[in-house]
Amino acid sequence: MLVKDISANFVREVFISGANNISNKKEFINELNVFPVPDGDTGTNMTLTIMSAVAELKSLDKPNINSLTKAISGGSLRGARGNSGVILSQLLRGFCKDIKDKNEITLEVIASAFAHATETAYKAVMKPKEGTILTVARAMAEKAAELLSTEDDIIPYLEKIVEAGDEALAGTPELLPVLKEAGVVDSGGQGLMEIMRGLLLGLKGQPVALEGDAVPSGPARGAGLLEEIPTAKGSSRDDISTADIKFGYCTEFIVLLEKELSDDEIEKIKKFLLSIGDSLVCVADEDVLKIHVHTNHPGQAFEKGLEYGQLTRCKVDNMREEHNERISFAIPYEKEETKGHEEKGHEEKEPEVKEPPKKYGFVAVSAGEGLSTIFEEIGVDYVIHGGQTMNPSTDDIISAISKVNAENVYILPNNKNIVLAANQAADITEDKKVYVVTTSSIPQGIGAMLSFNEALEPEENLEGMKEAILGIKTGEVTFAVRDTSVEGKEIHKNNIMGISDNGIDTVGTEVVDVTKQLIETLVDEDSGLISLYYGEDVTKEEAEELADFLGEKYEDLDIDLRYGGQPIYYYILSVE
């Protein structure tokens, strides 16, 4: 097949084949993550990122190369989640920028696009690290340039490029000792190669179909590990108020479609579901429809799905009974407005006069009812519900920024895997000045907010907030999701881990013991305060008992105990 014979429709199908392949392999990619923590894993983040581009592609009626590249670039950019997703979006952005105005896709164009993709991705990372997805991308770009003098057909050309990528991927453990110790290759690089293999199969006329069980269901607590969470002693939460839960049932299901849905039909389904609930996720593919909605009438949601096909993977959780609000996608819908237009007799209200913007505003990422309340109490205007177990997308952060009526907006990502998406959101936002405070934990975010000084200028405050977080030592206590070895520590599934800014410090079998050991490693002669935020799987009595113990052991230090309500992490803590 000659390169110039490729049509825009064929390019679209080839790209979807690559996206489907990583989606089908995402759990395998997740398992390659070195740290065995229940987080927003690489495979899931990369899949959600590229599927955002696929959704844009499928909305095009009569695609051409220009509209295709715009859809891929824009869709992946706004849908990027986690550092791996952001890097993937930058690779796609660089590649698309190089081919968008080309009338004919030649091997020279492809080689140039590979080079530009790699250059764009490297620039997006402040401190590029070899042995990662970047290394794999660069190896393929170098091979693409090298082969120009020997190849004239796209399939053998890309086959050899994929071979070079696989060789680079196999070599990542030699560049990153932590990979070698764990006995794995880089997960981001593996994800990139799965996309490349899917693209190649699509070019050969063997496009990869999306497997039913591989439909990206969105970030979940522990990537589907909710049922496996070891509790501290029990997870009953009598002290958590459920009065604010408007819709009590978290309802999820997949519709096996009888026929592909049109855009109008998808919008009709969304409007109906928003009329009976909120926290909506509605993702459609050619033959499946994924629904997630919080509602008081799960049966009505199921009935709507049955209008379009058979139901599978149905799941309903009573959130009031569990005393816990599930984390869901931040979907940019104005629920009451949408619902209002669906009701008969709705009268248009006069638009409210928008107040002049204030000088400063704040957006923070947080998981847990208690932590979100703390951020609101100390001045955060908008809290994005997410974090380690659900990395918000660039678009989620942009949506949050748009809701803050301020000239200068500070973003507190509170997780190192969200910083790149926050930076990307800041770059895209044009109507206000956005500053990213590179907080990598909840305690750092709280410390940054407490250091803010209204009297200072924006840049001065940014520097002051960054300086404030330097003196905060943070720790997290969670459980292992797989057997592995990290930094000489042998870890087994369901072991309890104490993680500090330096990595995994302590490993054991009891939450309280590991927490005590972790704090002991963080406290020194300059310490004056220990802050503890206990999660939803720890009872108030257990947390108070631990705080009393710490108060007796460290009698010269102040102990501050707060309910965080965070999932997955029994304790989030800091020492200052």
Rounded to the nearest 0.5 Å, the OH atom of Y360 sits from the CG atom of N453 at a distance of 8.5 Å
Electrostatic pair E130:R138 at N-O distance under 4.0 angstrom:
yes
In this structure, CD1 of I446 is separated from CD of E377 (nearest 0.5 Å) by 10.0 Å
Residues E265 and K268 bridged, charged N to O under 4.0 Å
no
task: Measure from the side-chain N and O atoms of Q424 to the backbone N and O of L77, and report whether any donor-acceptor pair falls under 3.5 Å.
output: yes
Quiz item: Short question: side chain of K26, backbone of T47 - any donor-acceptor pair under 3.5 Å?
Solution: no
Say whether, by atom type as modelled, one donor and one acceptor occur between the side chain of D41 and the main chain of I29 under 3.5 angstrom. no
Applied to residues 78-97, the ring pair (Phe, Tyr, Trp, His ring centres under 6.0 Å) test, sequence neighbours excluded, yields F95-F114
- Evaluate side chain to side chain donor-acceptor pair (under 3.5 Å) for S187 paired with N33, printing each intermediate quantity in order. CA-CA 6 Å; S187 56; N33 281 9; 3.0 Å; yes
Open item on the list: Looking at K97 and H116, would you say the former's side chain and the latter's main chain have a donor-acceptor pair under 3.5 Å?
Closed with: no
Whether the side chain of D524 engages the backbone of S527 through a donor-acceptor N/O pair (distance < 3.5 Å, no angle test) should be reported.
yes
**Message:** Side chains of N45 and T42 only: does a donor on one sit below 3.5 Å from an acceptor on the other?
**Reply:** no
So ring pair (Phe, Tyr, Trp, His ring centres under 6.0 Å) across residues 412-440, not counting sequence neighbours, yields Y410-Y435
For this session: For the residue pair S366 and N414, confirm or rule out a side-chain donor-acceptor distance under 3.5 Å.
Result: no
Sorted by chain and number, sequence neighbours left out, side chain to side chain contact (heavy atoms under 4.5 Å, CB included) with A448 holds for L412, V437, T439, M465, I469
Review point. How about N64 and S67: does a side-chain donor come under 3.5 Å of a side-chain acceptor?
Key: yes
When D537, V477, T478 are each screened for side-chain contact (heavy atoms from CB on, under 4.5 Å) with Y569, the one that passes is T478
Q: Give a yes or no answer on whether the side chain of T295 reaches the backbone of P298 with a donor-acceptor pair at less than 3.5 Å.
A: no
inquiry  = For the backbone of I418 and the side chain of N391, can you confirm whether one donor and one acceptor N or O come within less than 3.5 Å of each other?
reply    = no
CG (N502) and CD1 (I504) are apart, to the nearest 0.5 Å, by 12.0 Å
- Item | Backbone of L420 reached by a side-chain donor or acceptor of N423 within 3.5 Å | no
Should K358 and D381 count as an ion pair when the cut-off is N to O under 4.0 Å?
yes
Inset, instruction - For this output row, return yes or no: ring centroids of Y533 and Y563 closer than 6.0 angstrom. - result: no
Next on the checklist: I'd like to know if E267 and K271 make a salt bridge, using a cut-off of under 4.0 Å between side-chain N and carboxylate O.
Outcome noted: no
